[in-house]
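Letters go in sequence order (proteins before strands), and every chain restarts at 1.
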Amino acid sequence: MSLRLYDTGTRSIRDFQPRKPGHAGVYLCGLTVQGPPHIGHLRSGVSYDVLIRWLRRSGYDVTYVRNVTDIDDKILVRGEEQGRPWWAIAYENERKLARDYAALNVAPPTYEPRATGHITQMTDLIASLVERGHAYATESGDVWFSVSSWADYGELSHRRPEDMLSSAETGAKRDSRDFGLWKAHKPGEPEDAAWTSPWGPGRPGWHIECSAMARRYLGDAFDIHGGGTDIMFPHHENELAQSRAAGLDFAKYWVHNGMLNLSGTKMSKSLGNTLSVAALGEKGFSAAAVRYYLTSVQYRSAVDFSEEALAEAQSAWERLSNFVHRTAEALGTEATIGGALAPEFTAAMDDDLNTPAAVAVLHETAREGNAALDAGDDAAAARAGAGVRAMLDQLGLDPLDPHWDDPGDAKLTGAVDALVKLALEQRAEARARKDYAAADRIRDDLAHAGITVKDTPRGPVWTVD
RNA sequence: GGUGGGUUGGCCGAGUGGUUAGGCAGCGGCCUGCAAAGCCGUCCACACGGGUUCGACUCCCGUACCCACCUCCA
């Protein structure tokens, strides 16, 4: 059994067989940094993070490229609106994106190229397309891809030319479906938003950057290309057409993640119905719970976001986290190291990353482990504890990973620990003389301070809410 | 209008032609001074109408509704 993935191009589940044994080249369309990221974007980041982790676990040496589109019409508009340089807008949002990826434990890609750093690779590719007769420049200095020159156009999204409406881009193009490769600089646009090219000053169209950057870092042919279903057409279709027309094999598999909806419609920058990770944090949801929430749904399914569902996910996540902590406290942290992935977990992951089924295995294992702890079966408990930890770690959700710790002041934590211990000693004395009113008062006082105390067979344990 | 996906129990969410998904919430019990956590048990299901089949939630046809894309968008 090995990894099988749903491939949009063939509309089927296919065995993953890399072009180069032992290596996997993956390109993910990252974000256009016109605004701060929302959790729909983060869903994409988490989904592919899970894929990359699984590929690595499966023994592949993975080269993972996730681009940043830092030049685009809307970024220029934002700059104009805010009276700031367009590149200041782009970089600010890129930093926010990096911050949110990090918060959700999304590992950095191997390379994270910016569009503006690869203009040369793009103009080279465009020149090649013009030379081959698949693109043409107009008087204005724009360059268009000729859709009619490429017979396979539509092979990815399975659209027939007669079904297609005209591209939104206007200009002196020969066919309404032709899309822009190079946009001539227009009067009034920032001078520093233009680069020199054989067709005059201008900037690249959206689609060409991904073709150029994928080629630059992954070669003319690579394994997996990913992105959201919303950019399958026209973006990916255009990428595919222009790359193939330029003589490149391009991606072998196309993977698309489902949308995250809010109140029934897609969360998107243009609709304004967005929700950030920080906003969820203010509502009391932990970053780990958000990651768990996004992971507990298969990546291709649409997710209708709701706080209720997220709250349920947080409870479920805490159950797993509690179990791992409980095992570590009872048997020592070293007993939770080196666990094995359950065969059912591996089978679920290999089956087009069926994370909900994988998570079900986690819960079943945790239940067995909790029962073993209750029964005093340390060996079985350790096996379950280490297994759950290993499987959670595989999903980027190891509760003992320092990543999830609150970055609080270590000295302050030490001081609080000493004070709470003092209070708990007094409570223990009260309980010993069966003065439960006094004991409960101490516990209530601590609760008011945000400290939850629970009694375990090995004594009280406290946590900060 | 075109293309694709979906409709599972109070909620989230997998899956299979005949066997308990899993979680959250609820209910009963065990444990606990109480609580929390945990364990055991339990209620609640496959949009609707036909068809195929010994048997369909699971395959086929139709209907309804929802979502995405067809225009910038993960």
From the options [options], select the nucleotide whose nearest atom is closest to the side chain of [X].
| X | options | answer |
| --- | --- | --- |
| Asn261(A) | G38(B), C67(B), A74(B) | C67(B) |
| Arg427(A) | A74(B), G33(B), G13(B) | G33(B) |
| Ala316(A) | G13(B), A74(B), G23(B) | G23(B) |
| Asn322(A) | A14(B), A74(B), A37(B) | A37(B) |
| Arg431(A) | C34(B), A37(B), C72(B) | C34(B) |
| Asp440(A) | A74(B), C34(B), G22(B) | C34(B) |
| Thr229(A) | A74(B), A68(B), A14(B) | A68(B) |
| Arg367(A) | A14(B), A74(B), C40(B) | C40(B) |
| Arg443(A) | C70(B), C34(B), A74(B) | C34(B) |

SB check [X] [Y] (cutoff 4.0 Å):
| X | Y | answer |
| --- | --- | --- |
| Asp374(A) | Arg326(A) | yes |
| Asp49(A) | Arg53(A) | yes |
| Asp175(A) | Arg177(A) | yes |

Return the value, rounded to whole Å, for the distance between atom [atom1] of [X] and atom [atom2] of [N].
| X | N | atom1 | atom2 | answer |
| --- | --- | --- | --- | --- |
| Leu362(A) | A14(B) | CG | C1' | 14 Å |
| Leu310(A) | C11(B) | CG | P | 18 Å |
| Leu294(A) | A74(B) | CG | P | 16 Å |
| Gln314(A) | A25(B) | CD | P | 12 Å |
| Leu320(A) | G22(B) | CG | C1' | 10 Å |
| Phe305(A) | C11(B) | CZ | C1' | 14 Å |
| Asp73(A) | U71(B) | CG | C1' | 13 Å |
| Ile71(A) | C72(B) | CD1 | C1' | 14 Å |

Base, sugar-phosphate or nothing for [X]? Non-hydrogen atoms, less than 4.0 Å.
| X | result |
| --- | --- |
| Gly226(A) | nothing |
| Gly227(A) | sugar-phosphate |
| Ala360(A) | base |
| His38(A) | base |

Please check this pair: side chain of Thr229(A) against backbone of Gly258(A), looking for a donor-acceptor N/O pair closer than 3.5 Å.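 Here the side-chain-to-backbone pair does not exist.
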According to a strict under-4.0 Å criterion, is [X] in side-chain N/O contact with OP1 or OP2 of [N]?
| X | N | value |
| --- | --- | --- |
| Lys266(A) | C69(B) | yes |
| Ser301(A) | A14(B) | yes |
| Arg319(A) | C39(B) | yes |
| Asn354(A) | A14(B) | no |
| Arg11(A) | G4(B) | yes |
| His41(A) | A74(B) | yes |

Item to complete: Please state the C1' separation for the pair U20(B) and G62(B) - nearest whole angstrom.
Response: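 The answer is 34 Å between these two C1' atoms.
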So which of His256(A), Arg300(A), His158(A) actually passes side chain to side chain donor-acceptor pair (under 3.5 Å) with Thr8(A)?
->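 Going through His256(A), Arg300(A), His158(A) one by one, the side chain to side chain donor-acceptor pair (under 3.5 Å) with Thr8(A) is satisfied by His256(A) alone.
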*Do Tyr153(A) and Asn238(A) get their side chains close enough for a donor-acceptor pair, meaning under 3.5 Å?*
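A pair is found: one side chain offers a donor N or O, the other an acceptor, under 3.5 Å apart.
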Secondary structure of RNA chain B per the Watson-Crick/G-U criterion (both distances under 3.5 Å; [ ] crossing, | other strand, . unpaired) is (((((((..(((.....[...))).(((((.......)))))....(((((..]....))))))))))))....
message: For Arg427(A) versus Pro460(A), what's the shortest heavy-atom pair and its separation?
response: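 It is NH1-CB, 4.4 Å.
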What I want to check is whether an N or O donor and acceptor connect the side chain of Glu312(A) with the base of G23(B) at under 3.5 Å.
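Side chain to base: pair found, below 3.5 Å.
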Within 45° cone and under 6.0 Å: Arg159(A) NZ/CZ vs Phe233(A) ring: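 Pair Arg159(A)/Phe233(A) counts as cation-pi.
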| message | In the structure I gave you, are the side-chain heavy atoms of Cys29(A) and His225(A) within less than 4.5 Å of one another anywhere? | response |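 Sidechains of His225(A) and Cys29(A): in contact.
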